[in-house]
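Report on the structure given below.
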Amino acid sequence: MNAITRCLATYWSSSIGKKLIVALTGLVLVGFLAGHLSGNLLMYVGREAFNEYAHFLHTMLHGAGVWIARVVLLAMLVLHVAATISLTRQNRAARQPYEFKNTLQASKSSRIMIVSGLTILAFVVFHILHYTVRVDADLAKLGATDPYGMVIVGFKSPLVVMFYIISMSLLCSHLTHGVASIFQTLGVRSKKAQSSIKLFSQAYSFAIWAGFISIPISVLAGLLKF
Ligand code: HEM
């Protein structure tokens with residue numbers, strides 16, 4: 001067993017360890033979203049800026065950079081989902097009758113997290129087929145030379161735009177609860193800090209939601225043009 005597997009096995013054996021895995025992997029994914037959004041907002045700067053950025057992503061570290069990022073992101077996603085499933089099972093098995101009221105409250109919020117989490121997973125699969133694999137022949141042609149044009153053409157369908165808006169809205173709900181939970185798991189629990197954390201989580205999630213949905217909406221409204 002190498003050091004990373006040994007370290008993971010130690011964390012996996014306790015529920016605190018698994019919560020830490022969910023929080024730390026969540027933190028990396030939250031950071032990715034901020035980075036991805038910043039890059040996507042270059043659509044508003046113009047075709048040249050966005051295409052240069054896309055070219056940089058694909059050529060950094062002689063093309064290895066994008067693959068390193070993909071492997072790290074996939075590992076984070078798998079660990080995040082697997083630790084969440086394991087924790088949910090563990091909590092269900094340990095449920096006591098006198099905890100009924102608290103459990104109802106907790107299971108309602110965790111049910112929302114599971115539904116929003118599963119929608120985000122389905123969205124990510126669709127999104128990768130849409131813009132990375134480019135199963136649509138028109139997008140595949142444009143993707144190689146003009147990623148800006150590819151994004152515009154990709155949002156020509158109101159149905160696709162609607163799916164993005166619904167997914168981003170569930171992502172926002174997932175983040176509002178998730179970002180606050182990261183702080184709590186990492187030990188920031190004081191009453192004073194709690195209200196600031198809640199405010200920060202809501203502001204961060206709103207910024208991510210508004211930034212991401214603004215792009216398909218701007219394409220559909222004709223503000224971002226081919
Ligand atoms: C309107 C919103 C979004 C737009 C316009 C957008 C745009 C793009 C584009 C153009 C790519 C392809 C990059 C390339 O291969 O050149 C991409 C990849 C990707 N996006 Fe998004 N994205 C959006 C929202 C999101 C969200 C909300 C998530 C996560 C929940 C996400 C996760 C990813 C992932 C994981 C990849 C694959 C990276 C790769 O393997 O190449 N995106 N996105």
Side-chain angles (χ1 to χ4, degrees), residues 25-47 49-61 63-81 113 116-136 138-176 178-179 204-221 223-226:
T25 51
L27 195 61
V28 176
L29 295 168
V30 162
F32 161 76
L33 284 174
H36 192 37
L37 176 60
S38 316
N40 285 348
L41 290 177
L42 287 172
M43 287 288 293
Y44 292 107
V45 180
R47 171 175 267 124
F50 187 78
N51 287 355
E52 253 174 42
Y53 160 72
H55 179 73
F56 164 75
L57 285 185
H58 285 275
T59 51
M60 66 179 168
L61 301 175
V66 72
W67 283 103
I68 295 171
R70 282 169 178 164
V71 169
V72 171
L73 275 179
L74 187 64
M76 294 298 116
L77 192 66
V78 170
L79 276 174
H80 190 78
V81 174
M113 287 302 274
S116 55
L118 287 175
T119 314
I120 296 164
L121 267 184
F123 164 77
V124 169
V125 172
F126 174 85
H127 184 55
I128 288 178
L129 292 173
H130 191 204
Y131 281 142
T132 303
V133 180
R134 299 158 196 161
V135 287
D136 180 318
D138 289 341
L139 298 194
K141 243 185 274 156
L142 276 169
T145 52
D146 181 17
Y148 173 92
M150 173 188 77
V151 172
I152 304 276
V153 172
F155 288 137
K156 284 287 179 216
S157 153
L159 258 184
V160 170
V161 170
M162 203 146 73
F163 178 60
Y164 268 76
I165 294 174
I166 294 169
S167 307
M168 304 298 96
S169 304
L170 284 158
L171 173 67
C172 176
S173 147
H174 196 84
L175 285 177
T176 309
V179 172
Y204 182 85
S205 312
F206 178 77
I208 291 285
W209 175 76
F212 275 129
I213 66 161
S214 78
I215 298 173
I217 290 177
S218 298
V219 173
L220 212 57
L223 298 170
L224 283 172
K225 291 194 195 88
F226 191 76

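Every number for a ligand or one of its atoms is a count from 1 in the order of the listing.
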Could you tell me whether the side chain of [Y] reaches within less than 4.5 Å of the side chain of [X], counting heavy atoms only?
X: Tyr164; Y: Ile213; answer: no
X: Leu220; Y: Phe155; answer: no
X: Ile208; Y: Val30; answer: no
X: Tyr148; Y: Leu224; answer: yes
X: Leu142; Y: Phe226; answer: yes

Inter- and intrachain pairs under side chain to side chain donor-acceptor pair (under 3.5 Å), touching residues 31-41, at least two apart: none
Got the closest protein heavy atom to [atom], with its distance?
atom: atom 34 (C) of ligand 1; answer: Phe32 CZ, 3.9 Å
atom: atom 43 (N) of ligand 1; answer: His127 NE2, 2.7 Å
atom: atom 14 (C) of ligand 1; answer: His58 NE2, 3.2 Å
atom: atom 1 (C) of ligand 1; answer: Phe212 O, 3.2 Å
atom: atom 38 (C) of ligand 1; answer: Thr132 OG1, 4.2 Å

Structural part of [X] in contact with ligand 1, heavy atom criterion under 4.0 angstrom:
X: His55; result: neither
X: Met43; result: neither
X: Ala69; result: neither
X: Ile213; result: neither
X: Tyr53; result: neither

Check each atom of ligand 1 against the heavy atoms of [X] and keep those under 4.0 Å away; list them by number with element.
X: Met168; value: 27 (C)
X: Leu171; value: 27 (C)
X: Phe155; value: 1 (C), 5 (C)
X: Val151; value: 10 (C)
X: Leu33; value: 29 (C), 30 (C)
X: Phe123; value: 25 (C), 26 (C), 27 (C), 28 (C)

Contact summary for [X] and [Y], nearest pair of heavy atoms:
X: Trp67; Y: Arg70; result: CZ2-NH1, 3.1 Å
X: Met76; Y: Thr25; result: O-CB, 3.6 Å
X: Tyr131; Y: Gly154; result: OH-CA, 3.5 Å
X: Leu139; Y: Arg134; result: O-CD, 3.9 Å

Close approach, Asn40 and ligand 1, non-hydrogen under 4.0 angstrom: yes
Contact with ligand 1 for Pro147, non-hydrogen, under 4.0 angstrom: no
Nitrogen or oxygen atoms of Tyr131 and ligand 1 under 3.5 Å apart: no
Polar proximity ligand 1 side, Arg70 side, N/O cut 3.5 Å exclusive: yes
Aromatic ring pairing Tyr53/Phe50, orientation class (parallel under 30°, perpendicular over 60°, tilted between): tilted
Parallel, tilted or perpendicular: rings of Phe163 and Phe126 (30°, 60°): perpendicular
Heavy atom of protein closer than 4.0 angstrom to atom 26 (C) of ligand 1: yes
Steps toward side chain to side chain contact (heavy atoms under 4.5 Å, CB included) verdict (Leu175, Trp209): CA-CA 10 Å; Leu175 285 177; Trp209 175 76; over 6 Å; no
His36: its N/O/S atom lying closest to atom 21 (Fe) of ligand 1 (atom name): NE2
